[in-house]
S.K.: 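Okay, handing you the structure first.
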Number of protein chains: 2
Amino acid sequence: MLTDSYKERSLVFKALAHPSRLFIVDKLTAGECCVCEFVNELKVDFSTVSKHLSVLKNAGLISDEKRGQQVFYRLQMHCVGEFNRCIDNFLSRRGNDQKVCLKCCAVGETE
Amino acid sequence: MLTDSYKERSLVFKALAHPSRLFIVDKLTAGECCVCEFVNELKVDFSTVSKHLSVLKNAGLISDEKRGQQVFYRLQMHCVGEFNRCIDNFLSRRGNDQKVCLKCCAVGETE
DNA sequence: TGGTTATTTGGTAAAATTACCAAATATTAG
DNA sequence: CTAATATTTGGTAATTTTACCAAATAACCA
C-alpha cells in the first residue's frame, strides 16, 4: 500500500528534481558555499536561488548557517553524490549505445 | 555552469518525485509486474498508473514488455534501491528530533 | 544614525504536473 | 467476425512549480 513514507521520500526527490538545485547540491559536495556564489554561477535572480535553497533545506538535504551578512549552505545528505554518479553512468551508457545496451541489460525495449 | 547534464539528471529525479512512482519502483525491485498489479494496490485509475509508468519509462528507469494482453514492467536503474535505503535511513535518523511536516515543503515556505 | 550589502519573503503570471473520464488500440476467446 | 480484457492516449480542470519583481529584514560600516 501507499504509505506516508513514500510521500516523505518523494519530497526528497522533488527537492532534487530541478537542474539548478542539482547544480547547487553538486557544488556543495565540494564544501560549503554562500548564496551569492550560486547566484553568480546560475545567472538567475537572488530570490530564485534563495527559494531553491529553501526547498533543499526543507527536504533536509542541506543546512544553513549565517555568518556576518552571508549565509553559508552545507550538504547534509551525502549519499546523494553517489546516486548522482550512478545516474550519470547510466545516462552516458545509454547515450553512447542506446538500443544495444538496453537490450543487454534487460528484455523488451519498446518505442 | 548549468550544463545540459543537469537537466538530464533532473528528469530522473522528476520521474521519482511522486509517491505512486516510488511505490512502483519499490515493487519492481522484487521483480517484474504487470500494470494491473499496480492499479490494484495504488487504488487509482488505470490511466493514471499507465501515465506514471510512462514517466518512469521515459526517464529510463524501467522498461516494458508486452506478453499476451498484459504489459510487464521491469526495473532498469537498480542503484535507485540503494539510494532509497539511504533516504529512509536519513529520514528516520532525523525523525526523532526534527520531524518533517509534509505540508510545509512547498516552494517559498520556510520552517 | 543612515546607507550599503546579503538574503529572504510576498505577489503574480506562465508553465508543468496530476487524476479523472472517455475513447482508442491491441490481443485473445468464442 | 464480435465480445471481452488489458492497456494507452487525448482532453480537461485543479493543483503545484517556477522565475521574476518589489519590498522586507538583518548585519555591517561610515
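In this text, all values refer to a predicted model and were calculated from it rather than measured experimentally. Note that these values count all heavy atoms, side chains included, but never hydrogens, waters or copies made by symmetry. Chain identifiers are assigned alphabetically (A, B, ...) following the order of the sequence lines, protein sequences preceding nucleic acid strands; residue numbering begins at 1 within each chain.
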S.K.: Calculate the interatomic distance between Asp45(B) atom CG and dT18(C) atom C1'; express it in whole Å.
M.R.: 12 Å
S.K.: Measure from CZ on Phe72(A) to C1' on dT8(C) and round the result to the nearest Å.
M.R.: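 Phe72(A) atom CZ is separated from dT8(C) atom C1' by 17 Å.
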S.K.: With heavy atoms under 4.0 Å as the rule, sort Ser54(B) into base, sugar-phosphate or nothing.
M.R.: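 No contact at all - Ser54(B) keeps every heavy atom at 4.0 Å or more from the nucleic acid.
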S.K.: In whole angstrom, what separates Leu56(A)'s CG from dT17(D)'s C1'?
M.R.: 14 Å
S.K.: Can you tell me the distance, in whole Å, between the CG atom of Leu53(B) and the C1' atom of dA19(C)?
M.R.: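 So the CG-C1' distance, Leu53(B) to dA19(C), works out to 15 Å.
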S.K.: Parallel, tilted or perpendicular: which describes the rings of Tyr6(A) and Phe23(B), with under 30° parallel and over 60° perpendicular?
M.R.: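 Judged by the thresholds at 30° and 60°, the geometry between Tyr6(A) and Phe23(B) is perpendicular.
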S.K.: Can you tell me how far C1' of dT4(C) sits from CD of Gln70(A), to the nearest Å?
M.R.: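 Taking CD of Gln70(A) and C1' of dT4(C), I get 14 Å after rounding.
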S.K.: Of the nucleotides dT5(C), dT8(C), dC20(C), which has the atom closest to the Val44(B) side chain?
M.R.: dC20(C)
S.K.: If you pin Ser47(B) and Cys36(A) to their nearest nucleotides in DNA chain C, which one's is more 5'?
M.R.: Cys36(A)
S.K.: From C-beta outward on Ser50(B), which listed nucleotide comes closest to its side chain: dT8(D), dT8(C), dA27(D)?
M.R.: dT8(D)
S.K.: Using a cut-off of strictly less than 4.0 Å, decide whether His52(B) has a side-chain nitrogen or oxygen near OP1 or OP2 of dT17(C).
M.R.: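 His52(B) to dT17(C) OP1/OP2: no side-chain N or O under 4.0 Å.
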S.K.: With a 4.0 Å cut-off on heavy atoms, is Lys51(B) in touch with a base, just the backbone sugar-phosphate, or nothing at all?
M.R.: base
S.K.: Whether the side chain of Ser10(B) engages the backbone of Lys7(B) through a donor-acceptor N/O pair (distance < 3.5 Å, no angle test) should be reported.
M.R.: yes
S.K.: Less than 4.0 Å between a side-chain N and a carboxylate O, is that true for Asp64(A) and Lys57(A)?
M.R.: yes
S.K.: OP1, OP2 of dA6(C) versus side-chain N and O of Tyr73(A): anything below 4.0 Å?
M.R.: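 Indeed not, no polar side-chain atom of Tyr73(A) lies that close.
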S.K.: Please state how far atom NZ in Lys7(A) lies from atom P in dT18(C), giving the value in whole angstrom units.
M.R.: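 Roughly 13 Å, once rounded to whole Å.
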S.K.: Separation of Ile24(B) atom CD1 from dT7(D) atom C1', in whole Å?
M.R.: 14 Å
S.K.: Does Arg9(B) come within less than 4.0 Å of Asp26(A), counting only side-chain N to carboxylate O?
M.R.: yes
S.K.: Can you tell me how far C1' of dA16(C) sits from CG of Asn58(B), to the nearest Å?
M.R.: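 It works out to 15 Å between those atoms.
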S.K.: By nearest nucleotide on DNA chain D, pick out whichever of Arg67(A) and Phe46(B) is the more 5' one.
M.R.: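 Residue closer to the 5' terminus by nearest nucleotide: Phe46(B).
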S.K.: Using a strict cut-off of less than 4.0 Å between a Lys/Arg side-chain nitrogen and an Asp/Glu carboxylate oxygen, indicate whether Glu41(B) and Lys43(B) qualify as a salt bridge.
M.R.: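 No, this pair does not count.
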S.K.: Give a yes/no on whether any side-chain N or O of Thr48(B) is located under 4.0 angstrom from OP1 or OP2 of dA19(C).
M.R.: no
